[in-house]
Amino acid sequence: MSTRTVIVGTGSFLPARVLTNSDLEKTVDTSDEWITTRTGIKSRRIAARGEETSMLAAGAARQALAMAGITPAELDMIVVGTITPDMTMPSCACLVQQELGAENAFAFDLNAACSGFLYGLDLADKYLCQNPAWKILVIGAETLSTRTNWQDRNTCVLFGDGAGAVVLAGDGKGRGMLGSRLFSDGRLWRLLSMEGAPSLNPDLARPENDGSYIRMEGREVFKHAVRSMGDAVTRLLAEQGVAAADLGLVIPHQANLRILQSLAERLGIPLEKVYINMHKYGNTSAASLPIAMDEANREGRLAAGDLLLLCAFGGGFTWGAALIRW
Ligand code: ACO
């Protein structure tokens, strides 16, 4: 039996500070009722000043490595999906490498917005197929609070900070990554954008510097997210000869409960099979999939042999899906 990429450890790290919808009611013209009914989000975590993306990423990585029983020195490759790196250079991944002491790995960042973790997983899978003895760390980590315009009620209620990580290794027992499908459409970039500045840049604090903040045409993003993720999943399942009814669990990017309800309906998947934790963390972009995977794993929602479907959609636009036998 050929070697497949298997997830041998998961981890997540969330900042301690909780920002609730009621807290937001005090600073912008919104209400818990509006945010809950339109998005399903009740609270989100916010990184403390000086708590950078690389620190959240390293926290998640340590947990994933501990579960895998692998030391940092055993890692061959580190990929961090992020749109909020501490700096433009070095990469967040190199800072994580330093923080962990993973001196034998090569490390780099990958920008595919909310699909960043999925793109990283796809890439790591290809590397592992070529190098079955490798150990690879794939992380999704964000401090979106640093790029949120806290005066803009259209966006500030949606996002949160956090990190999630998986450790990948080769395994010949038939389980692991069965396939993945990635897509992009750069023609639509203006519907969801964030023009600049890493989080350590002091210019971020200047109110006139609004190009650094997230801008979004919410309704358009919503429509594209449902359609694109739905198409990606349908295509991947057809390619793999898997029926929606065979799936044990679906973990989608945690953007908005209504997006997930529409997606589940479109695919004919009961909502009970869709993992949801956005009420606690909001949309953490690239971190959302690995945080949800870690929570689902630790809650015992994933049994050996289950078919797990991942899907994501984000700025770019970028989107895709992956199928894993757990
Ligand atoms: N509180 C109260 N009212 C608000 C708020 C708020 N936080 N935000 C917007 N409104 C108002 C609007 O101003 C508008 O008022 P108006 O009718 O007087 O003009 C009204 O609510 C309706 O606004 P819409 O934008 O039409 O509301 P909609 O039902 O589309 O919901 C939302 C907005 C939640 C942003 C939705 O479009 C959405 O979820 N889109 C997807 C966006 C997303 O998930 N982006 C994340 C990045 S991409 C990804 O991760 C998939």
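When a residue number appears, it is its place in the shown sequence, counting from 1. Both ligands and their constituent atoms are indexed starting at 1 by order of listing.
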Per the salt bridge (charged side-chain N to carboxylate O under 4.0 Å, His left out) rule, what does the pair list look like for residues 271-300, sequence neighbours excluded?
Lys280-Glu295, Asp294-Arg298
Within the distance-only criterion (no hydrogens, no angle test), does the side chain of [X] pair as donor or acceptor with the backbone N or O of [Y] below 3.5 angstrom?
X: Thr53; Y: Thr84; result: yes
X: Asp23; Y: Thr20; result: yes
X: Gln254; Y: Pro252; result: yes

Could you check whether atom CD of Glu239 has more than 12 heavy atoms from other residues, nucleotides or ligands sitting under 6.0 Å from it?
yes
Can you work out which protein residues put a heavy atom within less than 4.0 Å of ligand 1?
Asp29, Thr30, Trp34, Arg38, Thr39, Cys114, Arg153, Asn154, Val157, Phe159, Leu192, Met216, Gly218, Arg219, Val221, Phe222, His253, Ala255, Asn256, Arg258, Ile259, Asn283, Phe313
Answer yes when Asp231 and Arg235 have at least one side-chain N-carboxylate O distance shorter than 4.0 Å, and no when they do not.
no
